[in-house]
Amino acid sequence: MKNPSCILTVNLDERSYPIYIGTNLLADREVYQPHIHGQQVLIVTNTTVAPLYLASVESALQEYQVESVILPDGEQFKTLSVWQTIIDALLEHRFDRRCTVIGLGGGVVGDMAGFAAACYQRGVYFIQVPTTLLAQVDSSVGGKTGVNHPLGKNMIGAFYQPQCVIADIDTLSTLDDRQLSAGLAEIIKYGLIGDPDFFCWLEQKMDGLLEREHALLAYAIERSCKDKAAVVAADEREAGNRALLNLGHTFGHAIETGVGYGEWLHGEAVGAGICMAADLSRRLGWLDDSDQRRIESLIKKAGLPVYPPESLDADRMLALMSVDKKVLESKIRLILMNKLGYSVVTDTFEPEALKETLNEYGRATS
Ligand code: NAD
Ligand code: GLY
């Protein structure tokens, strides 16, 4: 193996797996080889990523029977019907239960490929090869897989851990600036759910990250994956604190569903969602004014929106927020900040305070 610059482990007993982070990993057969058990490999990718990176991955897998499925590109295609084309391909090529599914792409491809691996013959091997910043720091790690339903984001899915994650930082060179910013939203999230030093580091290094300085990106990816791996190892199936990884997401998912999947990027919706969570935390007296300003200013600096789209008023946001996997016994549960760098999962906030935040942000524009 050509030296990944970093190998982390997600510790989940017999389902533990490595995250390889580095450069020149995509075409390195030695990275894949220990994690492929049968002879058949299906690469799931999309129309944007295939021309960029499919040949490199195929070149690493010449000793196997390799087939590919190229999905249409976009969050609006993260549906059960598009997902079924992956299952169709596995069946058409007569793949057996020792086959391996590789998800090559961003979070949409990774979530769909993982869900196909979880369901095909009740579970086959799966490898994540994330190619967006967001996927490298978040969606490829932790085993959440699935698709959207028209009424709610990620409402159909399974927990299904990969054999390994191969994050090749070189792939980020073809990512556009808007997608880079979307990944930064999830990175900022880690600084706010238990890693205040990382939040301060991000305040100092944001300019360099936006300029894609390699060492800074590598450090941000490693630290994010380390933070996420620790949360997942402690609570794989989100019985408790894994929900912290959803900071900003209840607001964000409402935005994504409300404007139509694919209009706002997931990371953009999370960026505005984090600002709304900070506003509500401040209204509850849990966060200082100055801390709220620091959070908003970092989100802005990362090139992310602070406010939801004008088309979503407070009532519509509230209705959308009630279709969320964290809702229990009809109560909305949110991730709120109780100190800069620390968050809690809670349903003990005054509904009036939430309405004030929604009204305030529903009126404002970026
Ligand atoms: P995405 O998968 O839509 O990718 C963004 C865009 O970048 C797409 O157009 C894609 O084709 C393109 N792309 C991918 N790699 C590229 C590259 N190297 N160069 C150029 N273009 C490239 O979006 P995303 O932000 O990666 O992921 C968002 C999805 O991830 C959402 O569906 C979200 O729900 C999901 N998600 C899942 C988890 C999880 O734990 N499973 C966590 C966070 C987000
Ligand atoms: N991105 C949320 C989680 O993995 O739990």
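Reckoned from all heavy atoms, side chains included, excluding hydrogens, waters and symmetry mates. Residue numbers count from 1 along this sequence. Both counts, for ligands and for their atoms, begin at 1 and track the order of listing. Since we're looking at a predicted model, the values are computed, not measured.
- Between His266 and His249, the ring-plane angle classifies as perpendicular under the 30° and 60° cut-offs.
- Using modelled atom types, one finds a donor on one side chain and an acceptor on the other under 3.5 Å when comparing Arg282 with Gln292.
- Using a 3.5 Å distance cut-off with no hydrogens or angles, the side chains of Thr48 and Asp73 do pair a donor with an acceptor.
- Here is the list of ligand 1 atoms found below 4.0 Å of a heavy atom in Lys78: 31 (C), 32 (O), 33 (C), 34 (O), 35 (C).
- A donor-acceptor distance shorter than 3.5 angstrom exists from the side chain of Ser181 to the backbone of Ala302, with no hydrogens or angles considered.
- Not a single heavy atom of Gln128 sits under 4.0 Å from any atom of ligand 1.
- Closest to atom 34 (O) of ligand 1, if we only count protein heavy atoms, is Lys153 NZ, 2.6 Å.
- Close approach of ligand 1 to Asp138 (heavy-atom distance below 4.0 Å) involves ligand atoms 42 (C), 43 (C).
- Around atom 29 (C) of ligand 1, the closest heavy atom drawn from Leu52, Asn154, Val108 belongs to Val108.
- The closest protein non-hydrogen atom to atom 40 (O) of ligand 1 is Lys228 NZ, 3.5 Å.
- Of all protein heavy atoms, the one closest to atom 36 (N) of ligand 1 is Ser139 CB, 3.6 Å.
- No more than 12 heavy atoms of other residues, nucleotides or ligands shown are found within 6.0 angstrom of NZ on Lys300.
- Annotation: atom 28 (C) of ligand 1 to nearest protein heavy atom, Leu134 CD2, 3.9 Å.
- Enumerated by chain and number, the residues approaching ligand 2 to less than 4.0 Å through a heavy atom are Asp138, Lys144, Lys228, Glu238, Arg242, Leu245.
- Taking atom 24 (P) of ligand 1 as the reference point, the nearest protein heavy-atom neighbour is Gly107 N, 3.5 Å.
- More than 12 heavy atoms of other residues, nucleotides or ligands sit less than 6.0 Å from atom CD of Gln121.
- Here the protein heavy atom with the shortest distance to atom 9 (O) of ligand 1 is Asp73 OD2, 2.7 Å.
- By the neighbour-count criterion of 12 heavy atoms within 6.0 Å, atom CD of Glu350 is sparsely surrounded, having that number or fewer from other residues, nucleotides or ligands.
- Here the side chain of Tyr120 pairs no donor or acceptor atom with the backbone of Ile86 at under 3.5 angstrom.
- When the shell of 6.0 Å around CZ of Arg97 is examined, it contains 12 or fewer heavy atoms from other residues, nucleotides or ligands.
- Of the protein's heavy atoms, Thr132 OG1, 2.6 Å lies nearest to atom 26 (O) of ligand 1.
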With a cut-off of 3.5 Å and sequence neighbours excluded, list every side-chain donor-acceptor pair involving residues 128-144.
unit_1 : atom_1 : unit_2 : atom_2 : d
Thr131 : OG1    : Gly105 : O      : 3.4
Thr132 : OG1    : Ala135 : N      : 3.0
Gln136 : NE2    : Pro130 : O      : 3.0
Gln136 : NE2    : Asp168 : O      : 3.1
Gln136 : NE2    : Thr171 : OG1    : 3.3
Asp138 : OD1    : Lys228 : NZ     : 2.6
Asp138 : OD2    : Lys189 : NZ     : 2.8
Ser140 : OG     : Ala135 : O      : 2.7
Lys144 : NZ     : Glu238 : OE1    : 2.5

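- Contact between Glu256 and ligand 1 is absent, with no heavy atom of the residue lying under 4.0 Å from the ligand.
- Checked against side chain to side chain donor-acceptor pair (under 3.5 Å), Glu75 has the following partners two or more places apart in sequence or in another chain: Asn148, Lys153.
- Only the side chain of His266 comes within 4.0 Å of ligand 1, counting heavy atoms alone; its backbone N, CA, C and O stay farther away.
- Between Glu186 and ligand 1, no N or O atom pair is found at a separation short of 3.5 Å.
- With sequence neighbours excluded, the residues that form a side-chain contact (heavy atoms from CB on, under 4.5 Å) with Phe77 are Pro72, Val82.
- Classification of the His37-Tyr125 ring pair by plane angle, with boundaries at 30° and 60°, yields tilted.
- For atom 15 (N) of ligand 1, the nearest non-hydrogen atom of the protein is Thr131 OG1, 2.7 Å.
- With atom 19 (N) of ligand 1 as the reference point, the heavy atom nearest to it among Thr174, Asn46, Val109 is part of Thr174.
- Side chain to side chain, Glu63 and Gln39 fail the donor-acceptor criterion of an N or O pair below 3.5 Å.
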